[in-house]
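In what follows, a structure is listed as structure tokens, so that the remarks can point back to it.
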Amino acid sequence: MSQYISIPLINEHIQKKEAQDLAKKIINSDEIISINPFYYPYYHYNVNCKLPFLFGGKRITINALIDACSGQGLTTDEFGLTKVVIPKEEILDIKKQQVHADIALKSFIVNHLQRKFRAFFDYKTTVENRNVIYKLFWMIEYATESVLIDSFTEDFEILDIKKSMKKIK
């Protein structure tokens, strides 16, 4: 019997049928073996920044995600959240602790601000709203390969099952 859990999910995601149609265009096959959702964890931060300029300062808020499995900084894009209840086994385990994500956040924010504003200032940042959120991915498996589809961006990755099976043996 499966346990269910309530999680905050990045909304505006494509549904199972849309993911299936996209995979069909990518692989050009109708022989789907399985379609499985999984929910990928991210540490979510709202970071308030004060940027010093010649004629005063400017305040901005950055919406940052740090990958809870790899610890890499990912985005500053805007997105909405929805609470959903899902089976616990569909959630990917968190591999990086909050402390590692906090450290990654600092360098990610500084790098983002330096790229965006092309300056070397001492940015004053205040972090608020630290929590874990999830993004839905679809794994669509065919006989020889699988397609992993990001439900928010519709980006995809084709995974060769034959190569994976050779590595396992």
Side-chain angles (χ1 to χ4, degrees), residues 1-47 61-102 104-105 108-109 111-112 115-116 127-169:
M1 182 171 224
S2 125
Q3 291 183 342
Y4 289 86
I5 186 168
S6 176
I7 62 168
L9 179 68
I10 296 175
N11 59 12
E12 299 181 46
H13 55 276
I14 61 173
Q15 300 297 318
K16 183 177 185 176
K17 176 69 174 133
E18 296 153 328
Q20 185 177 349
D21 292 343
L22 182 59
K24 185 177 178 180
K25 290 177 189 174
I26 296 165
I27 300 297
N28 201 17
S29 174
D30 289 332
E31 300 176 29
I32 294 175
I33 295 172
S34 67
I35 300 175
N36 297 307
F38 70 92
Y39 297 85
Y40 199 92
Y42 296 92
Y43 290 105
H44 176 226
Y45 300 88
N46 286 329
V47 182
T61 300
I62 297 173
N63 199 23
L65 292 181
I66 303 296
D67 186 318
C69 293
S70 73
Q72 298 296 311
L74 293 178
T75 188
T76 57
D77 296 337
E78 290 295 320
F79 54 83
L81 293 173
T82 305
K83 281 280 192 186
V84 295
V85 176
I86 60 162
K88 197 170 186 175
E89 64 267 6
E90 292 179 0
I91 295 176
L92 213 60
D93 291 334
I94 293 173
K95 295 182 177 33
K96 296 289 181 181
Q97 295 178 358
Q98 180 82 43
V99 175
H100 294 112
D102 291 349
L105 174 73
F108 176 69
I109 293 299
N111 288 337
H112 171 74
R115 277 193 316 270
K116 188 170 182 166
V127 177
E128 30 176 84
N129 212 18
R130 296 180 182 132
N131 55 2
V132 176
I133 64 172
Y134 294 84
K135 186 194 291 188
L136 172 63
F137 286 84
W138 292 101
M139 176 63 80
I140 303 174
E141 187 179 343
Y142 293 87
T144 59
E145 52 196 358
S146 293
V147 180
L148 178 65
I149 300 175
D150 181 329
S151 70
F152 185 71
T153 65
E154 296 184 24
D155 288 342
F156 63 89
E157 180 84 24
I158 298 174
L159 309 171
D160 188 349
I161 295 175
K162 290 178 187 175
K163 287 183 182 177
S164 300
M165 294 305 288
K166 288 179 184 176
K167 289 179 183 178
I168 293 173
K169 291 178 182 179

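A quick note: this is a predicted structure, and the numbers were derived from the prediction, not measured. Numbers here simply count residues along the sequence, with the first being 1.
- Summarising the geometry of I14 relative to E154, their closest heavy-atom pair is CG2-OE2, 3.3 Å, with the distance given to 0.1 Å.
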Hey, mind stepping through L9 and I133 against side chain to side chain contact (heavy atoms under 4.5 Å, CB included) and telling me if it holds? CA-CA 6 Å; L9 179 68; I133 64 172; over 6 Å; no
Checking L105 against Y43 for the side chain to side chain contact (heavy atoms under 4.5 Å, CB included) test, could you report, in this order, the C-alpha distance in whole Å, the side-chain angles of both residues, the deciding distance, and whether it holds? CA-CA 9 Å; L105 174 73; Y43 290 105; over 6 Å; no
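- Rounding to the nearest 0.5 Å places CG of L65 at 6.0 Å from NE2 of H44.
- Atom CG of residue L136 and atom CD1 of residue I86 lie 8.5 Å apart, to the nearest 0.5 angstrom.
- With contacts defined as side-chain heavy-atom distances shorter than 4.5 Å, the pair I5/V85 does not qualify.
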Please lay out, stage by stage, how F156 and I27 fare under the test side chain to side chain contact (heavy atoms under 4.5 Å, CB included). CA-CA 11 Å; F156 63 89; I27 300 297; over 6 Å; no
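- When every heavy atom of I94 is checked against every heavy atom of A68, the shortest pair comes out as CG2-O, 3.8 Å.
- Ion pairing of D21 with K17 is present here, as a side-chain N (NZ or NE/NH1/NH2) and a carboxylate O approach within less than 4.0 Å.
- Using a 4.5 Å heavy-atom threshold, the side chains of M139 and S146 count as touching.
- Here the straight-line distance linking atom OG1 of T144 with atom CD1 of I158 works out to 10.0 Å at 0.5 Å rounding.
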For side chain to side chain contact (heavy atoms under 4.5 Å, CB included), just list the numbers for V147 and W138, CA-CA rounded to whole Å, side-chain angles, deciding distance to a tenth of an Å, and then say yes or no. CA-CA 8 Å; V147 180; W138 292 101; over 6 Å; no
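- Interatomic distance, CG of D67 versus NZ of K135, reported as 9.5 Å (0.5 Å rounding).
- Distance CG/N11 to CZ/F152: 7.5 Å, rounded to 0.5 Å.
- Other residues, nucleotides and ligands place more than 12 heavy atoms under 6.0 Å from the CD atom of E18.
- In this structure, the separation between CG on N36 and CG on L148 is 11.5 Å, given to the nearest 0.5 Å.
- Residues G71 and A104 share a closest heavy-atom pair of O-CB, 3.1 Å.
- Residues I149 and A19 approach most closely at CD1-O, 3.4 Å, considering heavy atoms.
- Surrounding CZ of F137 are more than 12 heavy atoms belonging to other residues, nucleotides or ligands, all under 6.0 Å away.
- Of the options I91, L81, L92, a side chain to side chain contact (heavy atoms under 4.5 Å, CB included) to Y134 is made by I91 and by none of the others.
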